[in-house]
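Note that the structure is predicted; figures quoted are calculated from it, not measured. Chain letters run A, B, ... following the sequence lines, proteins first, then strands; residues in each count from 1.
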2 protein chains.
Amino acid sequence: MPRTGLQEPSFLVLTALAAGPLHGYAILKDVETTSCGSVRLGVGTLYGALERLAERGLVEVASEEVVDSRLRRSYRLTEDGAGVLAAEASRRQQQSAAALARLGRRGALGWTS
Amino acid sequence: MPRTGLQEPSFLVLTALAAGPLHGYAILKDVETTSCGSVRLGVGTLYGALERLAERGLVEVASEEVVDSRLRRSYRLTEDGAGVLAAEASRRQQQSAAALARLGRRGALGWTS
DNA sequence: CGAAGATACTCCTGTTGCCGAAGTATGAAC
DNA sequence: GTTCATACTTCGGCAACAGGAGTATCTTCG
């Protein structure tokens with residue numbers, strides 16, 4: 001998979017949006033929450049990823065509202081985005097299964113020995 | 001997950017070695033085979049990754065032999081490496097499951113609509 | 001025989017997607 | 001008034017590739 005595929009931050013952003021439209025900070029929160037605090041994207045990373053994903057047509061702006069004098073821009077996953085996310089998730093699933101299978105066959109998952 | 005985690009190429013290299021010691025080109029072959037030809041690592045990528053993984057103590061040189069006047073260096077996964085691979089595989093498994101679950105709940109996996 | 005391809009590792013330049021942080025601005029809390 | 005949280009903008013730096021060329025030997029083929 002070339003680097004033009006999805007890196008983890010982008011993958012997680014798409015996953016967050018798969019549940020419905022969210023604005024920037026809500027995406028950050030979602031990613032952190034669903035990873036039980038183990039993954040925290042920086043805002044630079046988030047907006048950089050959103051821009052690239054938007055350029056690729058995988059996400060689009062759902063709405064822009066002014067809340068408390070602050071612009072709040074929500075994003076939504078496009079159909080293309082959903083397709084790419086599904087494909088990537090499957091790929092990662094397969095790769096993970098392969099790794100775990102081999103580790104199991106190895107008789108050591110890194111903590112039994 | 002900080003960038004000091006595993007990117008895909010490194011992850012796949014560790015997976016290849018989880019099955020037993022292999023030399024460079026055999027790793028390339030393994031990665032390509034297990035991905036059904038969809039992932040082909042370049043030699044620059046491979047040896048770069050091997051070097052970094054070795055520096056981190058996740059792999060080590062298993063043997064160096066001269067075959068047909070050619071140096072053949074085999075690498076093996078260390079116990080630490082197996083542990084890191086297991087953890088990473090689990091992480092990716094979870095993330096994939098989460099993404100697929102949300103897509104399912106969304107009623108569209110990108111190809112039903 | 002010479003050329004091309006396969007095997008095996010070395011080395012290097014260029015690119016990409018973050019990573020981290022600083023900036024701007026407003027409202028809320030202390 | 002100060003600090004913190006919310007919300008987006010912007011940017012320099014860098015790690016991990018990605019791609020490819022180089023060196024060298026053996027095998028295969030014309």
Select one nucleotide: of [options], the one nearest the side-chain heavy atoms of [X].
| X | options | answer |
| --- | --- | --- |
| B/Q7 | D/dC26, D/dC17, C/dC9 | D/dC17 |
| A/S69 | C/dC19, C/dT26, D/dC26 | C/dT26 |
| B/S10 | D/dC17, C/dG17, D/dA5 | D/dC17 |
| B/L71 | D/dA5, C/dC9, C/dA6 | C/dC9 |

Original post:
Got a sec, which residues hit side-chain hydrogen bond (donor to acceptor under 3.5 Å, both in side chains) with A/E65, two or more places apart in sequence or on another chain?
Top reply: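 Once residues adjacent in sequence are excluded, A/E65 has no partner under the side-chain hydrogen bond (donor to acceptor under 3.5 Å, both in side chains) criterion.
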
**OP:** Could you tell me which residues satisfy side chain to side chain contact (heavy atoms under 4.5 Å, CB included) with A/E55, sequence neighbours excluded, listed by chain and number?
**Re:**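 With neighbours one apart ignored, the set is A/E51.
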
**OP:** Apply side chain to side chain contact (heavy atoms under 4.5 Å, CB included) to B/T33 and list each qualifying residue two or more places apart in sequence or on a separate chain.
**Re:**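 B/T33 satisfies side chain to side chain contact (heavy atoms under 4.5 Å, CB included) with no residue once adjacent residues are dropped.
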
Quickly work out the [X] [atom1] to [N] [atom2] distance and round it to whole Å.
| X | N | atom1 | atom2 | value |
| --- | --- | --- | --- | --- |
| B/E65 | C/dC9 | CD | P | 11 Å |
| A/E32 | D/dA5 | CD | P | 13 Å |
| A/L12 | C/dG17 | CG | C1' | 14 Å |
| A/D68 | C/dA25 | CG | C1' | 12 Å |
| A/L6 | C/dC18 | CG | C1' | 13 Å |

**OP:** Using a cut-off of strictly less than 4.0 Å, decide whether A/R73 has a side-chain nitrogen or oxygen near OP1 or OP2 of D/dT9.
**Re:**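 True: A/R73 side-chain N/O within range (under 4.0 Å) of D/dT9 OP1/OP2.
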
Original post:
NA contact type, A/V67, heavy-atom cut-off 4.0 Å: base, sugar-phosphate, or nothing?
Top reply: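 Nothing, no heavy atom under 4.0 Å.
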
Subject >> Strand-adjacent residues in residues 44-54 of chain B, judged by heavy atoms under 4.0 Å from DNA chain D >> reply: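 Under 4.0 Å from DNA chain D: B/G44, B/T45, B/R52.
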
Atom pairs and distances, donor-acceptor, side-chain atoms in residues 19-30 of chain B, under 3.5 Å, two or more places apart:
from: B/D30; atom 1: OD1; to: A/R102; atom 2: NH2; distance (Å): 3.0
from: B/D30; atom 1: OD2; to: A/R102; atom 2: NH1; distance (Å): 3.0
from: B/D30; atom 1: OD2; to: A/R102; atom 2: NH2; distance (Å): 3.4

Original post:
Could you state the interatomic distance from CD (B/Q95) to OG (A/S96), rounded to the nearest 0.5 Å?
Top reply: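 One finds 9.0 Å between CD of B/Q95 and OG of A/S96.
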
Original post:
For DNA chain C, which residues in residues 13-31 of chain A have a heavy atom at a distance below 4.0 Å?
Top reply: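 Here the set is empty: none.
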
